[in-house]
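Heads up, the thing below is written out as structure tokens.
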Number of protein chains: 2
Amino acid sequence: MSKIQHRNLYREVADRIRELIEHGELIPGERISEKQLCETFGVSRTPLREALKVLASEGLVELLPNRGARVMQLTVKMVKDTYDLMGALEGLSGELACQQISDEEIAAICDLHEQMLTHYRNREMQPYFKINRRIHESILAAANNEVLQEMYNNLSYRVKRVRYSKKMTDNFWRQAVNDHEMMIEALKKRDGKRLGQILRDHLCNKLEVVTLAGVIENDELINAANA
Amino acid sequence: MSKIQHRNLYREVADRIRELIEHGELIPGERISEKQLCETFGVSRTPLREALKVLASEGLVELLPNRGARVMQLTVKMVKDTYDLMGALEGLSGELACQQISDEEIAAICDLHEQMLTHYRNREMQPYFKINRRIHESILAAANNEVLQEMYNNLSYRVKRVRYSKKMTDNFWRQAVNDHEMMIEALKKRDGKRLGQILRDHLCNKLEVVTLAGVIENDELINAANA
DNA sequence: TGCCGGCATTTTGAATTCATAATACCTTTT
DNA sequence: AAAAGGTATTATGAATTCAAAATGCCGGCA
């Protein structure tokens, strides 16, 4: 029995705008016309503006007083900063998870790990990433810290756009899988310090940033290079 | 030359409500009457409701659809979770700070540290905490990661209310000062790993939570015990 | 030709109004 | 007297309206 979802318009609208940003249909830096969005969504300006306020405090859009809203522009530094943060959060999630994770949960993660390995051997990128993501989510969930989850998801959303532009070279991929092996090992031993360290240091996300940093200057804007 | 502050009403209102919450004039769990707040602030419902949306995504208030807003109720678990997170963030700030902090910045922090020690020796609680806070803020600033700063400040705001109820026993205090000595040492050596570890493990905030946890059950609400 | 200033238009900010969901109160019935 | 149901009231959700700021356009002027 799932909770009844009283969907307010502003939540709905916020979700839709998030999608638009994620899929690159709203260009970063470009001015968001309230009227236009109102028309496309078929709502009045009130819920739309409320949605923009929420998105602004999530860091997805920027509100310039008397000058409307625009999609937050990401710089390489911002992305790097965000990834540093996410690394720390993943590390914490690993430590906390080890303190209380059940045998069943560990088994489930090991199972996911095996599936991931299969996808790796078959060089199936998309399925690989999907499982990869689920593993990290499982650890995050096992940490049993809602505040942490909320923060992580928020950060994750901010940089979701740039994930499309990642390049997965064979070397990086192998390294990533190797890290996951170590992770599983640490998890089985419930070695929180070690799992945390692995997650912090070797966040597979890092390589994406490295890739990016090679191309774009530190304070330069990230162009909306999406799929 | 400071930036011109275009103060929108909703920002102003949000700030005011934050103050009300912080000072315990809005009781956690108690329903926030829109009309009443509108009258006290002398604004219409539109900016008020926008402010509430912002505060909600900051985690300070809770919006129940069709049922108005209420000040977020803190449970001991939530506070503990938040402090775990803040510990991780402080740890990160230490690591990052060591990578790029200048000699001048280190000197400034050492200076603050000396001031703090004086207040400690004189048993001047309030000044001690003030300087203590400034030290942590300095390290956070030296980390040069705006996203991190933003997150930390947000988390800090959420639990600001409970800080009033902390008890500083002699033992805890001595321990805290001792940690600070180690911190300074690590900072001088620019030993990021170590500074991070010290900050993570021995966040002086932790003791407050411990104190609290001794009195209140884990999922119990924290009563609005303010100064 | 290029720049400045004023008017018109557009867009945002805030108040008001209208609609609908929730709550309280009162009546009715057992 | 207590409970159930229905109506009245109140509070919230959303649209509309009004006000003010910003932008754009045009003409005048150097």
Side-chain angles (χ1 to χ4, degrees), chain A residues 1-21 25-73, chain B residues 1-21 25-73:
Chain A
M1 177 131 169
S2 72
K3 205 178 282 182
I4 306 163
Q5 282 287 45
H6 275 271
R7 299 300 292 174
N8 290 29
L9 262 187
Y10 85 95
R11 285 170 185 279
E12 208 86 43
V13 170
D15 288 346
R16 295 285 297 276
I17 297 178
R18 271 193 214 95
E19 283 174 24
L20 289 182
I21 293 175
E25 290 167 51
L26 285 173
I27 313 300
E30 196 180 72
R31 188 167 180 171
I32 300 177
S33 163
E34 288 187 5
K35 199 200 274 181
Q36 190 181 321
L37 276 187
C38 284
E39 284 165 10
T40 56
F41 293 148
V43 298
S44 80
R45 279 176 59 217
T46 308
L48 180 84
R49 301 185 81 241
E50 290 176 345
L52 287 176
K53 299 282 181 302
V54 172
L55 295 173
S57 55
E58 284 174 9
L60 279 175
V61 308
E62 208 174 1
L63 293 181
L64 312 174
N66 290 318
R67 218 167 293 187
R70 60 191 58 192
V71 178
M72 183 67 83
Q73 293 195 320
Chain B
M1 177 131 168
S2 72
K3 205 179 281 183
I4 306 164
Q5 281 287 46
H6 276 271
R7 299 299 294 172
N8 291 31
L9 263 187
Y10 84 95
R11 286 170 185 278
E12 207 86 43
V13 170
D15 288 346
R16 295 284 298 276
I17 297 178
R18 269 193 216 96
E19 284 174 25
L20 290 182
I21 293 175
E25 290 167 51
L26 285 173
I27 313 300
E30 196 179 71
R31 188 168 180 171
I32 299 176
S33 163
E34 288 187 5
K35 200 202 273 182
Q36 190 181 322
L37 277 186
C38 284
E39 283 165 11
T40 56
F41 293 148
V43 298
S44 81
R45 278 177 60 218
T46 307
L48 180 83
R49 300 183 83 244
E50 290 177 344
L52 287 176
K53 300 282 182 299
V54 172
L55 295 173
S57 56
E58 283 175 9
L60 281 175
V61 308
E62 207 174 0
L63 294 181
L64 312 175
N66 290 317
R67 219 168 292 189
R70 60 190 59 191
V71 178
M72 182 67 83
Q73 294 194 319

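Each chain gets a letter, A, B and so on, in the order the sequences are listed, and its residues count up from 1. All of these numbers come straight from a predicted model, not from anything done at the bench.
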> C:dT10 C1' sits how many Å from A:Gln36 CD, rounded?
Replying inline: 14 Å

> How close or far is atom C1' of D:dA11 from atom CZ of B:Arg70, stated in whole angstroms?
Replying inline: 14 Å

> Is there a side-chain contact between A:Ile17 and A:Leu52, using heavy atoms and a 4.5 Å cut-off?
Replying inline: yes

> Hey, are the side chains of A:Val54 and B:Lys53 touching, using non-hydrogen atoms and a 4.5 Å cut-off?
Replying inline: yes

>> Measuring from atom CD1 of B:Ile32 to atom CD1 of B:Ile27, what distance do you get when rounded to the nearest 0.5 angstrom?
In response: 11.0 Å

Testing the basics here: between [X] and [Y], what is the closest heavy-atom pair and its distance to 0.1 Å?
{"X": "B:Tyr10", "Y": "B:Pro47", "value": "CB-O, 3.5 Å"}
{"X": "B:Ser57", "Y": "A:Ser57", "value": "OG-OG, 2.5 Å"}
{"X": "A:Val71", "Y": "A:Pro28", "value": "CB-CA, 3.6 Å"}

>> Taking A:Arg45 first and then A:Glu34, would you say they form a salt bridge - that is, a charged N and a carboxylate O separated by under 4.0 Å?
In response: yes

>> Between B:Arg70 and B:Glu30 (salt bridge meaning N to carboxylate O under 4.0 Å), is one present in this structure?
In response: no

>> If the helix axis at each end comes from five base pairs, how far does the helix from C:dT1-D:dA30 to C:dT30-D:dA1 deviate from straight, to 10°?
In response: 10°

Pairs: protein N or O with nucleotides 12-15 of chain C N or O, under 3.5 Å:
residue : atom : partner : partner atom : Å
C:dG13  : OP1  : A:Asn66 : N            : 3.1
C:dG13  : OP1  : B:Asn8  : ND2          : 3.4
C:dG13  : OP2  : A:Arg49 : NH2          : 2.1
C:dG13  : O5'  : A:Arg49 : NH2          : 3.3
C:dG13  : N7   : A:Arg45 : NH2          : 2.9
C:dG13  : O6   : A:Arg45 : NH1          : 3.3
C:dA14  : OP1  : B:Leu9  : N            : 2.8
C:dA15  : OP2  : B:Ser44 : N            : 2.9
C:dA15  : OP2  : B:Ser44 : OG           : 2.6
C:dA15  : O5'  : B:Ser44 : OG           : 3.4
C:dA15  : N7   : B:Thr46 : OG1          : 2.8

